[in-house]
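Below is one structure, written out as structure tokens; comments come after it.
Residue numbers start from 1 in every chain, and the chains themselves are labelled A, B, ... in the order their sequence lines are given, proteins ahead of strands.
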2 protein chains.
Amino acid sequence: MSKQVLPVVDLNAVACCSPIAVRPMDAEQATVVAPMFKALGDPVRLRLMSMIASVPEICVCDLTPDFDLSGPTISHHLKVLREAGLVDAERRGTWVWYRVKPEAFRQLGALLEISTAPAAGGTA
Amino acid sequence: MSKQVLPVVDLNAVACCSPIAVRPMDAEQATVVAPMFKALGDPVRLRLMSMIASVPEICVCDLTPDFDLSGPTISHHLKVLREAGLVDAERRGTWVWYRVKPEAFRQLGALLEISTAPAAGGTA
DNA sequence: ACCCTGTTTTGAAGTCTGTCAAGCTAGAGG
DNA sequence: CCTCTAGCTTGACAGACTTCAAAACAGGGT
């Protein structure tokens with residue numbers, strides 16, 4: 001039983017991407033997406049995420065020293081990012097390597113787009 | 001003393017916008033930005049946000065009925081969005097009207113951009 | 001086989017969050 | 001001035017979150 005590293009958020013369930021500035025989100029979609037934002041809502045995780053996102057992949061051993069936190073705590077935060085579907089992890093020999101899941105990233109970016117923003121007038 | 005509606009997150013302090021996929025975030029910036037993501041990390045607030053964002057402005061009285069929650073609870077969530085700097089509120093007569101702060105929105109969107117993403121190879 | 005290093009899991013403590021009931025404030029209209 | 005409605009604030013409580021220490025797990029080297 002390889003209970004290794006399995007994402008929890010189903011990206012296909014994230015009704016694809018119309019920015020929230022264009023159309024209100026239904027309750028179900030909000031339930032799916034909110035955990036991703038929540039995962040980024042902690043300063044430690046946000047930094048972890050940005051460290052992972054700014055390179056192709058990175059070892060936990062290169063993440064930990066940047067924080068005044070215990071190893072287990074970093075590991076916990078990484079797990080939250082994993083379960084939010086934002087990153088993937090893979091063990092290679094002694095070390096575990098993390099990389100972003102670009103789809104997830106794109107999802108969130110798309111939701112926040114102002115793009116063809118509403119402006120006055122009404123939805124009629 | 002008008003303790004009306006005052007934002008807490010200083011948008012100017014959000015070192016402007018290089019996507020986290022490009023350069024890791026420093027601790028200070030993460031501390032400033034994380035609360036915005038956190039505010040969106042609750043399904044109720046995410047829906048509120050999207051309802052507000054999809055029209056020019058909207059009255060609390062038009063937000064509340066969409067949820068199976070008490071008035072105070074909605075009010076609490078709106079306060080969180082306000083203090084995260086994501087929305088503004090204004091009382092006009094009997095009703096209070098909410099609208100998004102597009103700058104904040106844009107900030108977050110910019111951070112999530114993959115834009116000139118890293119791809120393999122290394123940062124060299 | 002044993003130990004050493006890197007990472008995750010478990011268990012526990014303290015803090016924060018989401019929610020409601022009750023009470024309060026702001027404006028409209030008599 | 002009184003009352004009614006819309007919305008916010010306070011207080012309280014159950015549940016979730018962050019963190020660490022201790023222990024477990026995974027590989028590599030001797």
Under 3.5 Å, which N/O atoms of the protein pair with N/O atoms of nucleotides 20-22 of chain D?
unit_1	atom_1	unit_2	atom_2	d
D/dC20	OP2	A/Ser70	N	3.0
D/dC20	OP2	A/Ser70	OG	2.9
D/dC20	OP2	A/Thr73	OG1	2.5

**Message:** How many whole angstroms separate atom CG of B/Leu78 from atom P of C/dT17?
**Reply:** 17 Å
**Message:** Nearest heavy atom decides the nucleotide; on that basis, is B/Trp95 or A/Thr94 closer to the 5' end of DNA chain D?
**Reply:** B/Trp95
**Fill in**
Taken to the nearest whole Å, NZ/B/Lys79 to P/C/dT19 is 16 Å
**Message:** If the cut-off is 4.0 Å, is A/Tyr98 near the phosphate of C/dT8, judged by side-chain N/O to OP1 or OP2?
**Reply:** yes
**Request:** Give the rounded distance in Å between these two atoms: CG of B/Leu81 and C1' of D/dC8.
**Result:** 15 Å
**Asked** Roughly, in whole Å, what's the span from CD in B/Glu83 to P in C/dT17?
**Response** 11 Å
**Message:** How close do B/Ala27 and B/Thr31 get, counting heavy atoms only, and between which atoms?
**Reply:** O-OG1, 2.8 Å
**Asked** How would you label the contact of B/Arg92 with the nucleic acid (heavy atoms, under 4.0 Å): base, sugar-phosphate, or nothing?
**Response** nothing
**Asked** OP1 or OP2 of D/dC8 less than 4.0 angstrom from a side-chain nitrogen or oxygen of B/Ser75, does that happen here?
**Response** yes
**Request:** When you get a sec, tell me which of D/dC8, D/dG27, C/dG18 is the closest nucleotide to the side chain of A/Arg91?
**Result:** D/dG27
**Asked** For the pair made of CH2 in B/Trp97 and C1' in C/dG27, what is the distance, rounded to whole Å?
**Response** 15 Å
**Fill in**
Among D/dT18, D/dC8, D/dA6, the one nearest any side-chain atom of A/His77 is D/dT18
**Item:** Any B/Lys38 side-chain N or O less than 4.0 Å from OP1/OP2 of C/dT17
**Value:** yes
**Asked** Where do B/Arg47 and A/Met25 come nearest, in terms of heavy atoms and distance?
**Response** CG-O, 3.7 Å
